[in-house]
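Working notes, structure below.
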Amino acid sequence: TQLLGADEIGNSKNPQAVEEVKAGRRMIANAAWWGFDEEDATEAIQSAINSGAKTVILPNLGKDWIVRPLRLAGHQELILEKGVVITAKRGEYRGKSDSVFVAQDIDNLTIRGEGATVRMQKEDYIVGLVFKDLGWNRAFGQYEKSEWRMCLAIRGCNNVRIEGLTLRDSGGDGIYIDGGRHAPASTDIHLKSVNCDNNYRQGLSVISVDGLLVEDSKFCNTWGTPPSAGIDIEPDAPTQHLTDIVIRNCAFEDNYGDGIEVHAGRLTRESKPISIVVENCRITSRRGAGIRILKLTDDGPKGTITFSNCTIENTEAYGIKVQDKSADAARISFVNCRLRNTANNRNYADAWFPIVLLGRERGKVKRFGGIEFTKCFVENIRDRAAVALPEVPEVFDLTGQIEVKNARSALGTFGEKPRGLALTVKAEIQ
């Protein structure tokens with residue numbers, strides 16, 4: 001079997017090389033061998049993916065690869081050369097869930113794209129589309145409202161590695177991870193050095209996964225439709241999984257919602273216990289908030305959520321918000337986390353505090369708690385509480401230590417101090 005790479009026979013249309021790939025005599029294929037069409041390169045890329053090659057290369061030809069939706073294949077490595085730009089074709093992606101790349105129920109997929117970009121036409125999907133054609137405006141009609149047009153959708157897949165890509169300007173998420181037709185969760189997913197920028201709903205949505213590592217990545221400028229988070233971890237059904245999730249060494253910048261959100265409202269006590277670790281991450285936003293965890297109610301899942309050595313700073317809303325958290329559901333831990341200059345905008349109703357522990361759904365949360373702060377630090381420069389407990393009449397298992405610098409009031413309870421409070425908030429007033 002020949003192992004000749006793309007560079008050895010060029011980036012031009014090459015029917016002979018194509019036939020050798022199909023016959024299994026070449027393990028490496030160059031999508032340009034199927035012919036590059038600068039107006040629509042879909043057929044060339046899809047044919048290369050479908051060819052059976054172990055490795056498919058998309059070379060940098062100095063022009064964007066303009067595409068309609070593409071379907072990825074298993075047991076394959078897709079390499080986007082540095083400088084390659086995959087661009088969603090304007091006027092296409094009319095389907096409400098049309099995505100640039102879809103990986104559906106496949107195994108063993110790698111996409112490498114250091115210095116490469118996958119981008120969509122976000123504003124078109126929001127406001128409709130008008131082309132200029134020979135001086136005339138030719139209307140193509142409005143897109144049907146949707147939040148599911150992804151740069152990359154991974155559904156029911158196993159052993160997927162995405163490295164180096166920038167995914168931007170989607171009509172949904174930069175990356176979406178869920179179960180598939182035959183599996184409740186994707187498994188063994190690794191995202192390394194990805195950059196999700198200016199996406200419509202989320203930088204990354206995690207719906208159902210067993211084994212996810214996200215490292216050395218950036219999630220920024222998410223805006224368009226709620227939650228507008230950098231990463232949103234939010235199952236849709238109690239049968240879905242949030243297990244063995246690790247997010248490390250990542251940056252979250254200027255997202256309109258939370259940097260990281262965990263919404264467990266659709267999981268139940270019968271759901272698989274959750275396991276989430278976030279470590280050595282930095283969250284900052286001139287538009288949004290830091291970390292939010294909500295709806296781990298009395299009927300919620302067991303398990304653990306841990307934030308370790310994370311920094312939240314320069315946010316418009318809260319640094320940390322834990323809402324409707326039952327002491328009987330998964331335990332939340334914050335370890336060596338630092339909050340600086342958070343909650344800078346009073347217009348956020350219940351978010352004018354660095355740390356907010358909020359209980360509203362009393363019918364679903366009888367015992368608020370199951371939260372621990374270990375050696376956490378808050379720099380609070382405004383005249384307000386550093387830690388607020390609005391609408392929490394009684395707490396259980398709320399423990400740890402928070403050191404506050406420049407505090408006028410370290411702990412605010414908005415009424416009678418909750419019973420059962422064992423959290424120590426030590427204030428240094430200057």
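Residues Asn198 and Thr222 have side chains not in contact (no heavy-atom distance under 4.5 Å, counting atoms from C-beta outward). A 4.5 Å side-chain heavy-atom check between Val84 and Pro59 finds every atom pair outside the cut-off. Between Thr311 and Ile283, every side-chain heavy-atom pair lies at or beyond the 4.5 Å cut-off. You'll find the side chain of Ile276 reaches within 4.5 Å of the side chain of Ile233, heavy atoms only. In this structure the side chain of Leu358 never reaches within 4.5 angstrom of the side chain of Val322, judged on heavy atoms. Val365 has its side chain within reach of Thr297: a pair of non-hydrogen atoms, C-beta onward, lies under 4.5 Å apart. Taking 4.5 Å as the limit, some side-chain heavy atom of Tyr125 sits within range of a side-chain heavy atom of Met120. You'll find the side chain of Trp34 reaches within 4.5 Å of the side chain of Val18, heavy atoms only.
With hydrogens and angles disregarded, a donor-acceptor distance shorter than 3.5 Å links the side chain of Asn14 to the backbone of Gln16. Formation of a donor-acceptor pair under 3.5 Å by the Ser217 side chain with backbone atoms of Val194 is found in this model. Without hydrogens or angle criteria, Asn199 side chain to Leu167 main chain gives a donor-acceptor distance under 3.5 Å. Between the side chain of Gln240 and the backbone N or O of Asp236 there is at least one donor-acceptor pair closer than 3.5 Å.
Judged purely by distance below 3.5 Å, without hydrogens or angles, the side chains of Asn11 and Asn30 pair a donor atom with an acceptor atom. With 3.5 Å as the limit, one finds no donor-acceptor pair spanning the side chains of Glu81 and Asn60. Glu163 and His190 share no donor-acceptor pair across their side chains, judged by distance under 3.5 Å alone. Counting only N and O atoms by type, the side chains of Asn255 and Gln202 include no donor and acceptor under 3.5 Å apart. Side chains of Asn159 and Asp107: no donor on one and acceptor on the other come within 3.5 Å. Using modelled atom types and a 3.5 Å distance limit, the side chains of Ser193 and Asp216 yield no donor-acceptor pair.
Taking the charged nitrogens against the carboxylate oxygens, Lys96 and Glu147 have no contact shorter than 4.0 Å, which rules out a salt bridge. In this structure, Lys54 does not pair ionically with Glu77, as no charged nitrogen and carboxylate oxygen lie closer than 4.0 Å. Asp258 has no carboxylate O lying under 4.0 Å from a charged side-chain N of Lys321, or vice versa, which leaves the two without a salt bridge. Look at Asp197 and Arg168 and you find a salt bridge, because one of the NZ, NE, NH1 or NH2 atoms lies within 4.0 Å of a carboxylate O, short of that distance. Using a 4.0 Å cut-off between charged nitrogen and carboxylate oxygen, Arg94 and Glu144 do not count as a salt-bridge pair.
Relative to the six-membered ring of Phe252, Arg282 misses at least one condition, a distance below 6.0 Å or an angle of at most 45° to the axis. The side-chain tip of Arg367 points at the ring of Phe396 from less than 6.0 angstrom away and within 45° of straight on.
Atom CD of Glu316 sits about 7.5 Å away from atom OG of Ser285, to the nearest 0.5 Å. To the nearest 0.5 Å, atoms CD1 (Ile293) and CG (Asp324) are separated by 12.5 Å. The distance from the OG1 atom of Thr110 to the CD1 atom of Ile162 is 7.5 Å, given to the nearest 0.5 Å. We find the CH2-CD distance between Trp33 and Glu19 to be 12.5 Å, quoted to the nearest 0.5 Å. For the atom pair Arg292 CZ and His263 NE2, the distance stands at 7.0 Å (nearest 0.5 Å). Rounding to the nearest 0.5 Å places NZ of Lys63 at 13.5 Å from OG1 of Thr87.
Checking Glu43, Glu39, Glu92 one by one against Arg68, the salt bridge (charged side-chain N to carboxylate O under 4.0 Å, His left out) holds for a single residue, Glu43. A side-chain contact (heavy atoms from CB on, under 4.5 Å) with Arg71 is found for exactly one of Ile49, Asn50, Val102, namely Val102. Each of Leu109, Ile175, Leu78 was checked for a side-chain contact (heavy atoms from CB on, under 4.5 Å) with Phe101, and the lone residue meeting it is Leu78. Under the salt bridge (charged side-chain N to carboxylate O under 4.0 Å, His left out) test applied with Asp124, the options Arg149, Lys89, Arg90 reduce to a single match, Arg90.
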For this session: Check the pair Asp105 / Arg181 against salt bridge (charged side-chain N to carboxylate O under 4.0 Å, His left out), numbers first and verdict last.
Result: CA-CA 7 Å; Asp105 301 306; Arg181 296 189 183 99; 3.2 Å; yes

Exercise. Checking salt bridge (charged side-chain N to carboxylate O under 4.0 Å, His left out) for the pair Glu253/Lys218: CA distance, chi angles, key distance, verdict?
Worked result: CA-CA 8 Å; Glu253 297 179 5; Lys218 185 175 180 179; 3.5 Å; yes

For this session: Determine, step by step, whether Phe36 and Trp65 satisfy the ring pair (Phe, Tyr, Trp, His ring centres under 6.0 Å) criterion, reporting the C-alpha distance in whole Å, the side-chain angles of both residues, the deciding distance to 0.1 Å, and the verdict.
Result: CA-CA 8 Å; Phe36 175 73; Trp65 292 76; 4.9 Å; yes

Exercise. Please walk me through it: do Asp298 and Arg269 pass salt bridge (charged side-chain N to carboxylate O under 4.0 Å, His left out)?
Worked result: CA-CA 8 Å; Asp298 292 344; Arg269 183 57 53 89; over 6 Å; no

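In terms of heavy-atom proximity, Val67 sits nearest to Ala41 at CG1-C, 4.4 Å.
Ring geometry for Tyr256 versus Trp223: interplanar angle of 30 to 60°, hence tilted.
Taking a 6.0 Å sphere around NZ of Lys192, one finds it holds more than 12 heavy atoms contributed by other residues, nucleotides or ligands. Within a 6.0 Å sphere centred on CD of Gln104, other residues, nucleotides and ligands contribute more than 12 heavy atoms.
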